[in-house]
Structure formats: structure tokens, C-alpha cells
Amino acid sequence: MSRVVRVLPDEPAIDKLFDYLVPDAMGPAVRIGAMVRIALHGRRVGGWVIEDDVEPSVGDDKLRPLAKVRGFGPPASIVGLTEWAAWRWAGRRAVLLRAASPKGAVVKLPSPARNLAGARQAAASADDEVARLASAALGRIGPSVLRIPPALDPFSAIIEAARLGDVLVIAPSQARAELIGRRLRRLAIPVAVLPDEWARAAAGGGVVVGARGAAWAPNEPLSIVVLDEHDEAHKEERQPTWHGRDVAVERARRAGIPCLLLSPCPTLEALALAAPAAVSRQSERAGWAVLQIIDRTGDDPARAGLISEALVTPLRTASTAVCVLNRTGRSRLLACASCATLARCEVCDAAVHQPYDELVCARCSTARLVVCLTCGGGRFKNVRAGTTRLRDDLEVLTQRPVAEVTSATGELPEAGVYIGTEAILHRIARADVVAFLDMDSELLAPRYRANEQALALLARASRLVGGRGPGRVYVQTRLPDHEVLRAASLADPERLVEPELSRRRGLRFPPFSALAVISGSGAPEFAAALRPNENIEVGGGDTVLVRARDAARLADALHGLARPKGRVRVEVDPLRI
DNA sequence: CGGACAAGCTGA
DNA sequence: CAGCTTGTCCGG
């Protein structure tokens, strides 16, 4: 009998399996996960072998041979994991298999790393509080949560895991992954940094480290370590919106291995998996920065500037100061490109924005053509509400150079003071002053995770200033007693857990439910196919919120629904609603 | 996705 | 009714 395999084409829109004959010459290279090329409907496309030795589901006359074997792809266990993730996040398998595959063709694997004994020796020297916590957690199969304050180095947890055998480390950013790779190499511990060293990772032996994509790494680790589990960078923004931590937890469950979730401020999702272990109170206090709360309760909102008196001296004297001003939620302003008049609503005079090809009033929703009422011009440009002005003001106030940092900023300019949105906290590694100019926009953000996100920002700032030491984190606020500020001041994230749990339970937000947001022109039609029942609630409108009792029921409800004509975006587990 | 083919529209 | 556009289906 000739061998037949089942192949998924690398065309996300197809998402169907097709059977192909395996020519004898290709035999040994064809296995589950192998990347192949196939003739499909008159063209050649790439694909992955998903099942081996199958009974063909079409007649022999239709069967065609594989056109080519391109090389190694994800191992069978990871193919299975992508299958699960496609269900869990209601997405297409090909997108996930791409994330799990090497960037170029891999036809040969290097020999696996062997000098593990030396690595274990290097590892044996690490003996601190973090190592002891990790060691205990590594004795348990499945998820563990370790609360390690922002400025305490989690590296010895990785070393501790490496001592026991191959490890997979998932970092919140590529930069962080590469840094860890360099540190491990310095200790002569074999390491493959993804995505570049996919082949070395597949060969096995030692540590594999990468950003969220490493959750699909082709190795067979004996443990998985997720760094900064709370960091939203672990979530893929494109569809399917999978989460590196959740993939790691499922992967560990399937493999029957420990999975360590590290964070200074664990999410309620992580805490639902395991009770946290924490370093001593003393160490935790040392790992959070001193918070200086600048109470602006009495200041006249109309008159008070964004920089209070109390902030001027710290900004002037710090060697590096970082100012965070979140513009999200502030109305974006449009100005006419030719006459610079601000675009206002003709009915109510409020600022208008341009979601699509018309101008819409943020207050009364009146829409009109994209035309300037003053000069008739048809082009508008975004005015970033006052940041440039703020930069100038800051320069005058501090009498030193101030640099604005945006996502477009390449090389960081030389300056004593930097200003930007919260993304700036990921661009600058060290500072002695971090100032949140408008913390209330975080604390009062109309998002169900606002508290968790605000605490994460303070954790990040604490890391920048190096924990409890001479550095300071300043917070301008009208809510000086807010529980998030209190938790960060006291270096006690646990204080936030109970109130947050009861709030989420009351409002039935995750982890007490699972959510999906369906948007795009086809959203109403798509949502109409979802039948509400005791497990599923479906909202109305152009953007539909779906709420289920849990992730499995949500996934089941979304599974296999026909996509209508228009655009449909299904975001499972949205973090910012 | 993109080719095949069928159903609808137009012009003489 | 040829010649074209638009829509739906399906691939091994």
C-alpha cells in the first residue's frame, strides 16, 4: 500500500486538510510537522503534514503526490498544540503553524548540545531566595506562580530550572530574551535564542529562550519558565489573539512538566491556576521603588498645569528622568493641513475625529465630510494634544534638554529628561526618576483590567529606578488613597487581589467568565449565528461582546461558525475593554 | 487564496 | 446572444 499523508495548506483562508501520496524518495523526511509543497487547484502552495499514514478520503484518481519536502517543521506535539490553540482562540491553524515554524527552510539539524554537565556546575553556584522558590516550584508538575518584585533578578530561577535539564524560557520581549541568551552563554550554558536559532532549538539540549513565539519552540523541555507573566506583550495582537502564557500552561499540562509563572504582580488568571509563592516581605519591599505621591486634589483642574511644583526639582536634579503621559483616552485633535484650524463639530463645537472617511463628533456623533469649515481644505493632520507644547514647557521648567520618545523614535537622543506614553517605559532601561504626570487616566480608565494595568506600570517604573534605593517614582494624582497606589507603596500586590476578585466576580469579568469581542462589518451577521443559552451571552451593536462561563465554552461556541462576507475580527480574551 | 464556472447585465 | 462583470464554490 502506498503511504498517504494529510496536509494543511499554508493559506490561512483555506483551513482544510488535503490528502497526498508520499513518493518513496521523500519517505524519511516526511513526518508530522514537516513542511512540504503541494499542487493544489492548479498552483503550488506550502503546507504542513498534519497526519501520517491515513486512509485517503478521496479516490485514488484524485490523489496527487507531494511536490516537495521543504524541511523540518514543528514537532508532532506542537502541531497538536496549534490545533488546540486554533480552537481556544477561534483562529486559523495555518497562522499558528507559521508561528511555530522556522523562518527559512531547515533541512538539517545541528547535533544536540552535550556539555550540560558544565552547565549544571555553573548552575549550582546560584543559591538565593529566587532559586529556592524556583526549586520548590520545579518539584511540582503543572503551573506555579512566583511573585518576585520588579527589581529582583529572576535569572537564578532559569538557572535552577536548567540544572534539572532542558528549559524553555518565554520572555515578554525579544530584547529581554536576547539578554538572557547572552547571560547564559557567559556561563557556558548551551542556549538557542528564538526565532533566529530555530534549528538549534529543535536539536535540543540546554535552554531555549525567546519572546512569546517561543511558546511554540520545537524542543522538548523538562520545564517552562514564563517571565513577567502579567505583561501584555505576551499576547499576540493579530488574530488569533493567543497568549504565550496560556499556550505555555497548556503545553506543560500536555507534557506533564512544571511551568513557572513569574511576575511582580501576577494576574488573576495566573492566580486562578495556583496559589502564589513569594519572596520574603523584606525582599519584596526592597524590590519596589519608593512611591512619591503628589496629591493634586486641591489644584484647580482648569488652571493646574501637567507639571506640579513638587515635580520640578526632581526633574531638574535627576541624572535621567522619565515622564509618562498617556494620551489614550484624550480626544485626538485634527487640524486642517492648509489653514491649521482645529476641526470642530458644526452642531456642538466639540472636537471631531476621523474614524473612517468622514469626520465624526466625539460628543454628539454628528458626521460630516472631510472638509475644513474655514478654508474648504480636504486634508487634516493629527495634532498630538499638547505634548510638543509640554516638551517645551518642561525644557523651560527644568532648564535642560527634554526629548520626546514615541514609537517612531529610533536611536534615543541624549537628554536628561524624556517624555512619552507608557511605551517609553519599555524603551529606557534605567532612570533615577520616573514621573506619571496623569496617573488618574490609568486609575480611572474605563477598562475592566485598569487596576492590574496601573499596577503593572508602577512595577515597570520600579524596575527602571532599581527598586527601593535612591531612585523615586512620582505619581501625580487626585486619588492619593487609591488601592493600586497603596499596594505599590507598600510593595504588597496581594492587597489588590481580594477586592479585585470580588469586583470581577460581581461584574462577571474574567477570570469569572471568558470574553470575545467581534468587530468588523460582518460582526452583526456573525454574532447572529451564535445562539445565546445558559453558557453564552451575546451583546448587540456593530461590535459584539460575547461572554461565556469559561474559555472552553466560549471556544466551543465560536468553533466552526461560518464567516460572513464582510470583515470579521474575533478577539478572544481582549485585555483592553 | 485564486481558478473555474455559473448567473446576471449590457449593447446592438 | 456574445462579451463582460460579479458571485460562489472548491481544491486531494
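All of these numbers come straight from a predicted model, not from anything done at the bench. Just so it is clear: chains get the letters A, B, ... in the order the sequence lines come, proteins before strands, and each one is counted from 1. The figures that follow rest on heavy atoms only: side chains count, while hydrogens, waters and symmetry mates do not.
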Taking the six-membered ring for Trp, are A/Trp84 and A/Trp89 parallel (under 30°), tilted (30 to 60°) or perpendicular (over 60°)?
perpendicular

Between A/Asp10 and A/Arg98, does at least one N-O distance fall below 4.0 Å, as a salt bridge requires?
yes

Please answer whether the main-chain N or O of A/Leu194 pairs with a side-chain N or O of A/Gln174 as donor and acceptor at a distance below 3.5 Å.
yes

Mark yes or no for whether A/Asp19, through its side chain, and A/Pro56, through its backbone, hold a donor-acceptor pair below 3.5 Å.
no

What residues 11-44 of chain A contributes to the DNA chain B interface at heavy-atom separation below 4.0 Å is A/Glu11, A/Ala13, A/Ile14, A/His41, A/Arg43

Atom CG of A/Leu8 and atom C1' of C/dG12: how far apart are they, to the nearest Å?
13 Å

Extract, from 5' to 3' on DNA chain B, the first and final nucleotides lying under 4.0 angstrom from some heavy atom of chain A.
B/dC1 to B/dG3

Take A/Val106 and A/Met35, measure what side chain to side chain contact (heavy atoms under 4.5 Å, CB included) needs, and give me the verdict at the end.
CA-CA 9 Å; A/Val106 173; A/Met35 300 179 74; over 6 Å; no

Between A/Thr241 and A/Val572 (side chain of the first, backbone of the second, donor and acceptor by atom type, cut-off under 3.5 Å), is there such a pair?
yes

What residue pairs, at least two apart or across chains, pass salt bridge (charged side-chain N to carboxylate O under 4.0 Å, His left out) with a residue in residues 222-235 of chain A?
A/Arg176-A/Asp228, A/Asp228-A/Arg463, A/Glu229-A/Arg245, A/Glu232-A/Arg576

Cationic tip of A/Arg547 above A/Phe509 ring, under 6.0 Å, 45° of axis:
yes

